[in-house]
Every structure is written in C-alpha cells, then in structure tokens.
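What follows is a set of notes on a single structure, which appears directly below.
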Amino acid sequence: MAKFNLKINGKQQEVDVDPTTPMLWVLRDHLKLVGTKYGCGIAQCGACTVHLGDNAVRSCQLPVSAVGEQQITTIEGLSENGDHPVQKAWMEEDVYQCGYCQAGQIMNASAFLKSNPNPTDAEIETAMNGNICRCGTYTRIKKAIKTAANSQNA
Amino acid sequence: MTHIKTQYNRRSFIKVSAAAGGGMLIGFSWLNGCKPNTPEPEPGVAVPNEWFEINGYIKIGDTGMVTIYSPNPEIGQNVRTSMPMIVAEELDVPWENVVVEQAPLNTGWYQNQFAGGSLSIRLSWNALRMAGATGKRMLMEAAAKEWGLQVSDLTASEGIIKETNGERTIGYGEIASKAVGIEIPEEVALKEVKDFKLIGTSVKNVDGSKIVRGEPLFGLDFHREGMQLAMIQHPPAFGMKVKDFNEAEIKSMPGVKDAFIVDTSIAEPGGFDEKGFLQLIAIVGESTWQLMQAKKAIKANWEATSELESSDTHLRRLEKALVSGEVQESRKDGNPEAAFKKAAKVIERTYSAPFIAHNTLEPMNFFANVTEDSAELIGPTQTPEALEGSVSKLLGMPLENITVNMTRIGGGFGRRLYVHFGVEAAAISKKIGSPVKLIYSREDDMTQGTYRPTYRSVYKAGLDENNNLIAFTVKGAGLPEGPVFPNRFPAGAVENYSAEKIKAETNVTTGAWRAPRSNFTAGAEQAFLDEVAEAAGKDPIDFRLELFDRAIKDPVGEEHEYEAERYAGVLKLVKEKANWGETKQGVHRGVAAYFCHSTYVAEVFDMVMENGKPIVEKVWCAADCGIVVNKDSAINIIQGGVIDGIGHAMYSQLTFENGAPAQMNFDKYQLIRHSQAPKEIEVFFVENEIDPTGLGEPGLPPAMGALANALYKATGQRHYDQPFVTEKQVIG
C-alpha cells in the first residue's frame, strides 16, 4: 500500500492503496465517485473514461501511481450543475436508454470537442468508436455531439 | 367516457396497506454514503411538508407535488417515465409536479412486476390508468364532501378540482389529506383516447439529469456502510464442476477477508434459476482490484461432469436434429410435398446463427444482507418476484421476510430475468454474516451467461408457373429450443404449408435474449422471402402484400397468430415513407417486416458502398404498437433495436472450445460501434386507438432481415450464416 495525493475534480484527495490499482477502482471503491463505470477492464468499451488533464483516458488502464500531479476530471466534476454543453445536449436529445455507458460517452465527447470544436460526422465516429453503447443510442449520441458543438460555437 | 371496474375493494386496500408497512409505501431511495451530491432539479411546485398516500401508485404532497411509484424494473426501455405518465394522465396532474420513485417488489399491490416480453406497458395499461383514475376520483369525493356537493358537480384537471356551477377551486395538494381513507371506488371513469394530454407526447427521461451527472443509479453503484465486496470464480467450461482450490493461499492475499466454495443449489429450481454452475469459488474483501488480483491467483481442481462441447459439436447436433430430432411443435396445411413436386420452381436455403451473449454493459451484480430472520436484496433484476422466490428456497425463509428493491439497470436484454447472481449474493452474505455486494468481472459475465441459443433452419418454397407461392415449409432446430413459430406468418397465407420446431441438447446455459427466437427467425424468414420474391420476379413488398391479401380474404387453416391487416399496414406505411420504388444512384435497398410481442414493425434499409465497405445510410421504420405512450422514447427504443439487430447479425458470436467460451471480453467479442451504426434512423407509427403493446423487442428482428436483403443488393451476395462479418475488426 502507498499514499497518493490526487487532484480530482479540483479537489485534493489522499488515498492509501496498492500502487497498481487502476484509477477506475480508486474512484469507485475508495472515493465513492461511482459515475465512472466499469464495463470491461481492458480499455475496450470506454465506460470508464475520465479526463487526465485535457485528454480522455480509460481509467481502467491508468494505475494510480502514474497520475502524479495531473488533474483528473470525472463525470461528477465535468460541470458544477450538470450544465456542460455536452451534458445539456444529451438531455436535449434524450440520448440514453439504460444510461450505463453515457458518462463515458459524455467524457469522451467533451474532451474530443475541446480538441475539435467543429467536427464532421466521420470525425465524430472515429473519435467515439472506442465507446460501446450496448443499447444502440449511437445515432442520438452523434446528434447530441453536433448539438453541443453548435451551442459552443454559437 | 369508458367506465372500468377497478377490481379494488376495501379488503384489497387493507391488505396493501399492511404489506406496505402501515399504509405508507416506502420507495427505493439511495441511502447513506451514496446520496446524490448535487441538488435535485427544481420541480414545478415546492417540496411538501407532508405526504398523503392515495393508493399504492400515488402519494400527494400538501403543495400539490405528486409522487408516482413506477412498479417495473427499468432496463433502458424507459418504463420509469412511461408507466408514471399513464398514471399522471388519468390522475390529471401537470407532469412538472410529478416525481417518480421506483416501487419495491410488492405483490400485494402490483401485478406483473417484471421486465420481459415487451410486456410492461401492455400488461399494466389498465392497472396504471385505474390507479390514476381512482386517485382522481378519491380526491374529487373528498372535495365534494368538503363543499357539501356531489362528485358530479365537480370537474378535475391539471391537479385542480373545480365546482362546475360556482367559483370554488381546490388543488390536489390541499385536499389530499382528506382523500386518505376514502372508500376506494368500485368503478371509475377513464378518459377517452382523444382526451389524452400527456400520453402520445414526448416526455424526457425522468433520470436524464442524474445520468448525465454520473449520479449513483445502478446496482453496481450501490454502497452501504460496512458492506463487503465479493467476486466469484466459476468453472472454466460448461460441463465442469469445482472440486477444491488453494483456499489458504487465496485467504492470505492482500485485501482478502474470506474465500470459500459456495453452494447455490435450490430445491425445485424454476425457469429463471441457474442450471449451469451451482458451486462457485467466492472471494470476499473490501477492494474490487484486490479481489481481481486474488481471482487471478486461484488454482482450482475442476472435474468434468458431462461432455465438454465445442462449436463443431453444436453444429453436428443441429444438423442431426434437423433430420431426426424431436419435434416440439408443428403445423401442417394442405400437402407441401405434393405441391413441391408440381412446382415450377423450388428454392431451398439453410440459415444459421451462433450462440450470443447478452453483454449488458453493467455486469451482473447484487447486494444482499442476510440475517437470521431477514434478507434484503438490492440490485438489477428484471424479475424481482422470481428472485424473492429463489432466495426464499435457498435460505428456507418465508417470502414475507425478504425484501427486493430494484436499482436502475444497466441493460437487460433478457439476461437479468435469470436470478442466480442475486441468489449467489444471498448465499455469500449468509455465509459471511454481513452485507455484501457481489460483482462479476466482464469475463465472468460473458462466460457464465444464459446465451441466445444457436439455431439452424431450413426453408423451402415452391412457385407455380405463374410465380404464385404454392408451398412453404420451415424446419428449425435450436440448442435447446427450436426457433420456429408454427402459427406465425406465412402460416395462413400459403395453401400448402408446414412448420416444425425441433429441439436438441446442450449443457451450455441458454435463455431469453431480446426477442427470443424471433431474433433469428425474422432474419432468416425475411431474407428467404426476399430470395423467393426475386425468383418470382416480384417486388419484395408487393410479394408480401399479396400473401397478406390471401391471409385477409381467404386465410388458410384454422388460425394464425397475426392480424394480416396490421402486418400489411406497416409495410404500406414504410413503403410510402421511404418512397419505395424510387431508385437512387448507388443506393441499395432492402426491406423486412416482422410481428412479435404483439407489435408489427417494417423496416427499409438504404445501403451505400464506401471504399468497398457497406454502410447503412438510412433506415425507415414503421411500427404498429397501438397507442404510443411516450413518442420520442418509443422512437429511441426502435432505433436501438435496429442498431442491436444490425450489430448482432453482422458481428457478434460466442464460440466454444471444449466447453469453454472462446470469447471472454470485448477484445474478441465484437459489438457494433459508432461508425458501424446507420447514419440516420427515422421511425413512424401507425396511428390508432388500440391498447398499447410493447416496443422493447420488436424493432430488432426485422433489422436482421432488412440488413441481409440490402447487403445482397449492395454486394450481390446472399448471407445465410450469422454473423455476416467474421473477421475480427476490433476498434478501441
């Protein structure tokens, strides 16, 4: 076990865990931030996506020991009141069915839009291909990403 | 105005009150440690100081805020929004004043508290309307009493009761306290369909803001102070059993509190009980990661108890069953054999599909707290009542000592009809004497499934010299259940017809998977009919409409399961909306229609080729599910069904080697991804006033057929065996 000081959602958090523990489980088990979901554990489904700095990463593959000083943002910290343009677009398009993958989709989409504020459909598909939605809300997700892009660019 | 018997009486109300703990029903809300950390969105009215329970579905606050209990499990079909909408319609309250709570399992008050067979709305339509109408009537009686009038002197709408010939008004919240205890009316008036204000509109998902903020909603998110975590290890192959394992070593690993073999067998298992792995290695601790490490260190002795089957074993069994297997169900009209002999053209084709896993994105999990004389279960189940029954058998505990609460469910598709993971959690909790949350890893989830069976069907059709379909036969085998529905289309539409449903054996655990059997048969049958229509030189829609015409005007045989007019209706609607017949350069079209779960769906796929790859550019869907409750949500579930159908026909399969699934996670098991989904899916509903049926399943089956037919037009190749694309295309 080892102590780590982490910057999560703008707050300093200390955890005492096995250094190999992926951030996914640090967030879920130790910090009770359960918005970040477990789906596959091998970076194939995207349900556990968080931001490391400005980048979307799969927290199931990010050992706590590799985080260092970098800022982590989870779905709970994406906005104060759930009003990030991507979150608002998701609600406007009523995207979700079961909803389980959507935190990961939103985290991936929000990081993507930061780097590409005006994406084409093909760019959206490529950027989102690592996030599985088992219910099949892909067409709505794409629409919501375009809605969010338009609102940000307005 | 429709009058309807409520089927409630004073006695049933008393029974309900007792079951609900003294008259007040307690819904499921998140407890300590897992409270939402953001404020609730502001409802239309202030938070009440006092709540009054009107009946098991409705609680009204003194400010006019209304809590509606949603009785059924929410698996993504959006019943947590649509079921309360039906209550709110008849109660007649503004939707902004409504908050929704998940009801616990309560067989005293609710019937059919399960999510399966696309039945939630269909089976509860009357009960939900009655609950709302009863509440409204009781509030009106209370107001009438207060004002010394008759109920007939009053009207009620939008949460306000008005005197017809006077000025007085009173809000539901102001009169609610006086409605408590009013005799439940034996008959209530229901609204006319034309007077619906809420039903038929698009109401946003009641959990939307929580989903986008990542709030704890799912079973896997549940936490209670002092609870342990547990993981299980099942044998690596079907047909194996655990003998022993390195218990001492596992127990000494960091973070492991206990490790043991748990037995989950129960007397007289039911249809939703596990029959594969009844003895499991369980590891208990406080951190998922440490449990995962301990799981990897398990060295167990497994013993084979039956044959270790491989995919080639399964294929041989299916082939053999088609020749000499046990027929479970059949139908025969006319004399198909003779008709084939005199037919001008005979076409015979064989279709197949592999086992597939459900792969709900939230893996199986359950919380259990078993004490000497009680058991509390919280988690994702599609069948809370079956779970309660199985836990009762496991523990030898009466049903009334067991409570089941349902969390929001991260995908169902039939997987969580099966209750073994809840039973396993209860068995572990009993053994360790403390509350526990059992978590499956993705690998556990994929390799201890209740899979969609593997199927193989042979279709044969005969056309006369005028290209009329004079004979049609189908023989279909499955491991273990055949995929054929003998009385479905084209039964009733062909003079000489036969259908045989054939079973075969396997020790692989199988079960209901979204649109059971239809999820294969629709694709096979609709692709076959496409080929027959082509051989007949007929347009595929016109060809089908001819058959429906026969079933309408002069049906063959005594009965068939579908209404031919409604079936033809969705085809005509999709034909019109898609401008069928119009040709566009580079666009290849396929069509299919299917009826299952009492709903009719027709789909047209437009496919284009881009860099040699087929892309579904647009899908048109026409559905007849009777009255549509929540419009946009109904569109969403059909769109999801289309994507799910494409994904599983195109990419997914579970193969077996010596009893073990060869795919254990999403690196090898392919699920459809963003770039493989259609670019656009447009959905249209037939408008009528027929009581609503279901939508969770019916959108999927025809997609498999329309996909196969569009692929043929685009590539010139017919596809007979799912998945259509077998090379691994992992993106991630």
Side-chain angles (χ1 to χ4, degrees), chain A residues 1 17-18 20-22 25 28-30 32-47 74-76 78-82 86-88 90-91 94-103 106 121-122 124-126 128-142, chain B residues 33-34 37-38 75-78 204-205 207-209 211-218 220-221 223 229 254 286-290 359-363 408-412 441-442 632-633 636-637 639-644 647 665-667 671-675 677-681 730-732:
Chain A
M1 302 296 257
V17 293
D18 172 349
T20 66
T21 310
W25 298 112
R28 290 189 59 85
D29 283 354
H30 302 276
K32 305 285 180 270
L33 290 168
V34 294
T36 305
K37 300 299 189 225
Y38 167 64
C40 70
I42 58 166
Q44 291 293 320
C45 79
T74 70
I75 186 75
E76 291 92 343
L78 184 62
S79 64
E80 278 279 298
N81 301 308
V86 174
Q87 288 168 310
K88 279 162 70 178
W90 245 248
M91 287 195 276
D94 217 21
V95 166
Y96 16 71
Q97 284 180 32
C98 86
Y100 191 79
C101 73
Q102 301 295 352
I106 289 169
D121 284 16
I124 294 174
E125 286 169 14
T126 307
M128 299 301 293
N129 254 353
N131 287 73
I132 292 174
C133 172
R134 176 63 186 83
C135 300
T137 63
Y138 294 133
T139 50
R140 284 179 182 242
I141 289 173
K142 196 193 287 174
Chain B
C34 233
N37 50 12
T38 38
I75 57 175
Q77 81 282 46
N78 210 9
K204 295 223 188 299
N205 190 311
D207 285 335
S209 69
I211 290 169
V212 303
R213 291 182 301 183
E215 290 193 2
L217 286 169
F218 300 94
L220 208 61
D221 303 342
H223 176 77
L229 297 177
E286 277 176 355
S287 127
T288 313
W289 181 244
Q290 286 176 319
N359 288 324
T360 63
L361 209 56
E362 179 195 17
R408 191 178 176 85
I409 301 175
S441 69
R442 172 57 54 196
D632 190 49
S633 164
N636 196 349
I637 200 85
Q639 290 170 327
V642 168
I643 293 175
D644 199 4
N665 205 323
F666 300 132
D667 52 346
L671 287 174
I672 191 168
R673 305 262 175 182
H674 276 270
S675 63
K679 306 303 165 202
E680 194 190 349
I681 305 170
V730 172
I731 314 150

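Residue numbering restarts at 1 for every chain, and letters A, B, ... go by the order of the sequence lines. Any value given below was found using the heavy atoms of this structure, including those in side chains, with hydrogens, waters and symmetry copies removed.
Between chain B and the options A/Cys135, A/Gly46, A/Pro22, A/Ala103, the largest number of non-hydrogen pairs under 4.5 Å is found for A/Pro22. When the candidates B/Gly647, B/Pro678, B/Ser441 are compared by the number of heavy-atom contacts under 4.5 Å with chain A, B/Ser441 comes out ahead. Comparing B/Gln639, B/His674, B/Arg442 by how many heavy-atom pairs each has under 4.5 Å with chain A, the most go to B/His674. Ranked by non-hydrogen atom pairs under 4.5 Å with chain B, the options A/Val17, A/Thr20, A/Asp18, A/Val86 are led by A/Thr20. By number of non-hydrogen pairs under 4.5 angstrom with chain B, the leading residue of A/Gly39, A/Gly35, A/Cys45 is A/Gly39. Ranked by heavy-atom pairs shorter than 4.5 Å toward chain A, the options B/Leu671, B/Asn636, B/Asn665, B/Val212 are led by B/Asn636. Most heavy-atom pairs under 4.5 Å with chain A: of the set B/Leu220, B/Val642, B/Ile637, this distinction falls to B/Leu220. Options A/Asp121, A/Thr74, A/Thr139 differ in how many heavy-atom pairs under 4.5 Å they form with chain B, and the most are formed by A/Thr139. The greatest number of non-hydrogen atom pairs below 4.5 Å with chain A, out of B/Ile643, B/Leu361, B/Ile681, B/Ile672, is found for B/Leu361. Listed options A/Thr36, A/Ile141, A/Leu78 were ranked by heavy-atom pairs under 4.5 angstrom with chain B; first place goes to A/Ile141.
Looking at B/Ile75, only its backbone comes within 4.5 Å of chain A, counting heavy atoms on both sides. For B/Gln77, no part lies near chain A; criterion is any non-hydrogen pair under 4.5 Å. With a threshold of 4.5 angstrom between heavy atoms, B/Asp644 approaches chain A through side-chain atoms but not through N, CA, C or O. Contacts of B/Ser633 with chain A are absent, with no heavy-atom separation under 4.5 Å from either backbone or side chain. When heavy atoms are compared at a cutoff of 4.5 Å, A/Lys142 approaches chain B solely by way of its side chain, counted from C-beta outward. Using a 4.5 Å cut-off between heavy atoms, A/Val95 touches chain B through its backbone atoms (N, CA, C, O) alone.
Using a 30° and 60° split on the angle between ring planes, A/Tyr38 and A/Trp25 fall in the tilted class, from 30° to 60°.
Taking CG from A/Asn81 and OG from B/Ser209, the interatomic distance works out to 11.0 Å, rounded to the nearest 0.5 Å.
For the 3.5 Å distance criterion, the side chains of B/Ser675 and A/Asn129 qualify, holding a donor opposite an acceptor.
The closest donor-acceptor contact from the side chain of A/Asp29 to the backbone of B/Thr288 lies under 3.5 Å. B/Arg408 places a side-chain N or O within donor-acceptor distance of the main-chain N or O of A/Cys98, the cut-off being under 3.5 Å. A/Asp94 places a side-chain N or O within donor-acceptor distance of the main-chain N or O of B/Asn205, the cut-off being under 3.5 Å.
In this structure, B/Lys204 does not pair ionically with B/Asp632, as no charged nitrogen and carboxylate oxygen lie closer than 4.0 Å. Between A/Lys37 and B/Glu362, none of the side-chain N atoms (NZ, or NE/NH1/NH2) sits under 4.0 Å from a carboxylate O, so this pair counts as no salt bridge.
Across every non-hydrogen atom of A/Gln102 and B/Ile211, the tightest pair is CB-CG2, 3.9 Å. In this structure, A/Ile75 and A/Gln87 approach most closely via the heavy-atom pair O-NE2, 4.1 Å.
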